[in-house]
Amino acid sequence: MGVDEVPPLAAGRLAEHSQHCHWVLARNRTLALVAGLTLSGASSCLWGLHGQAHPAVKPYIDFLERHFDLIAKERPALDWHANLQKDAFPATSNDKSWHKIEFWQDGALTDECDWTPLTCDALSTLGWGVAGDIVTRKLAWSIVEPGTRFAGHSGQSRRINIQVCVHGCEGAELHIDGTVVQYERGRAIAWQDGWRHEVRNRGMQPRWVFIISIPHPEHQLAWEASGAQWPDTLQRLNGKWRLAGPYDRV
């Protein structure tokens with residue numbers, strides 16, 4: 001999903017604003033959370049830009065909020081899933097506090113769809129296929145047990161995470177580089193995966209969020225423009241476009 005000119009990825013209804021943390025796209029365009037929630041903390045990676053949204057990301061925010069009731073209705077079917085006894089990423093957290101159930105692998109929906117067929121019917125309308133993306137796409141549940149946290153970590157700067165909290169949202173917080181985002185049931189948020197982040201669940205219920213991960217729009221644009229050649233992609237990202245911050249780590 002490439003675009004020729006990429007306007008700022010914006011945040012709506014933000015409680016705080018700070019210049020401390022710049023999320024820089026190519027051409028010095030700012031990346032921020034979309035559909036922002038209640039924030040606290042000394043610094044913020046968010047900018048309130050009149051509720052606008054990046055054209056490559058907004059459809060996924062809209063999708064999660066539009067299909068929220070359906071996703072929430074089918075979620076309880078997964079309460080006895082075997083993955084709830086496994087660590088999502090043992091290298092990050094190995095105390096059974098963080099779990100995942102993935103619905104997308106090798107360019108297709110997985111057999112997990114047998115658990116939530118209507119959710120997967122909706123996911124199939126995203127139109128994904130076997131594509132040569134700069135980073136692997138994801139469709140998944142992420143579950144954090146009550147009274148726990150998973151260790152802070154940094155993902156890939158070339159990935160955007162879009163997620164909606166469905167269950168156990170009260171008392172659950174997303175921490176991104178000093179900014180605290182309070183989860184709200186049914187509200188979708190998005191952020192760049194390269195910033196250090198963690199979840200703390202101070203609530204009484206497991207926190208369930210459904211996640212869609214997509215390639216960073218401008219990184220994907222550089223990848224496509226280079227013909228999927230890494231040397232040219234890196235030159236475009238680190239040279240001509242002069243990215244800053246975590247985008248150096250491509």
I'd like to know if the side chain of [X] and the backbone of [Y] have a donor-acceptor N/O pair within less than 3.5 Å.
X      : Y      : value
Thr116 : Cys113 : no
Ser226 : Gln229 : yes
Asn161 : Ala190 : no
Gln105 : Thr110 : no
Asp193 : Gln156 : yes
Glu74  : Leu118 : yes

Can you find a pair of side-chain heavy atoms, one from [X] and one from [Y], that are under 4.5 Å apart?
X      : Y      : value
Tyr60  : Val164 : no
Leu123 : Phe210 : yes
Ile211 : Ile162 : no
Leu126 : Phe63  : yes

Any idea which heavy atoms bring [X] and [Y] closest together, and the distance?
X      : Y      : value
Thr233 : Ala222 : OG1-O, 3.9 Å
Cys169 : Val166 : SG-N, 3.8 Å
Ala72  : Arg185 : CB-NH2, 3.8 Å
Arg207 : Val199 : NH1-CG2, 3.3 Å
Trp115 : Ala77  : CE3-O, 3.1 Å
Val135 : Arg158 : CG1-O, 3.5 Å

Nearest-0.5 Å distance, [atom1] of residue [X] to [atom2] of residue [Y]:
X      : Y      : atom1 : atom2 : answer
Asn201 : Leu174 : CG    : CG    : 12.0 Å
Asp95  : Thr148 : CG    : OG1   : 7.0 Å
Cys165 : Phe68  : SG    : CZ    : 8.0 Å
Ile134 : Ile214 : CD1   : CD1   : 13.0 Å
His219 : Ile160 : NE2   : CD1   : 8.0 Å
His167 : Trp141 : NE2   : CH2   : 9.5 Å

Just checking, any donor-acceptor pair under 3.5 angstrom between side chains of [X] and [Y]?
X      : Y      : result
His175 : Glu173 : yes
Glu112 : His81  : yes
Trp195 : Ser154 : no
Tyr183 : Gln163 : yes

request  = Tell me, please, whether Trp208 has Arg75 positioned over its six-membered ring: NZ or CZ under 6.0 Å from the ring centre and within 45 degrees of its axis?
outcome  = yes
key: Glu145 bridged to Lys96 by N-O distance under 4.0 Å   = no
inquiry  = Taking the basic N atoms (NZ, or NE/NH1/NH2) and the acidic carboxylate oxygens, is any pair closer than 4.0 Å for Asp69 and Lys73?
reply    = no
message = The test is side chain to side chain contact (heavy atoms under 4.5 Å, CB included); show your working for Val144 and Val209 and say whether it passes.
response = CA-CA 9 Å; Val144 177; Val209 300; over 6 Å; no
request  = For residues His153 and His197, establish whether the separation of their ring centroids is below 6.0 Å.
outcome  = yes
request  = Evaluate side chain to side chain contact (heavy atoms under 4.5 Å, CB included) for Asp133 paired with Trp223, printing each intermediate quantity in order.
outcome  = CA-CA 8 Å; Asp133 293 322; Trp223 176 252; 5.6 Å; no
query = Which is it for Lys138 and Arg159 under the side chain to side chain contact (heavy atoms under 4.5 Å, CB included) test, yes or no, and what are the steps along the way?
reply = CA-CA 10 Å; Lys138 293 183 179 182; Arg159 173 178 286 130; 3.9 Å; yes
task = In sequence, state the C-alpha distance, the side-chain angles, and the governing distance for Ser157 and Gln192, and then conclude on side chain to side chain contact (heavy atoms under 4.5 Å, CB included).
result = CA-CA 6 Å; Ser157 61; Gln192 187 261 3; 3.0 Å; yes
query = Is it the case that more than 12 heavy atoms not belonging to Asp114 sit under 6.0 Å from its CG atom?
reply = yes
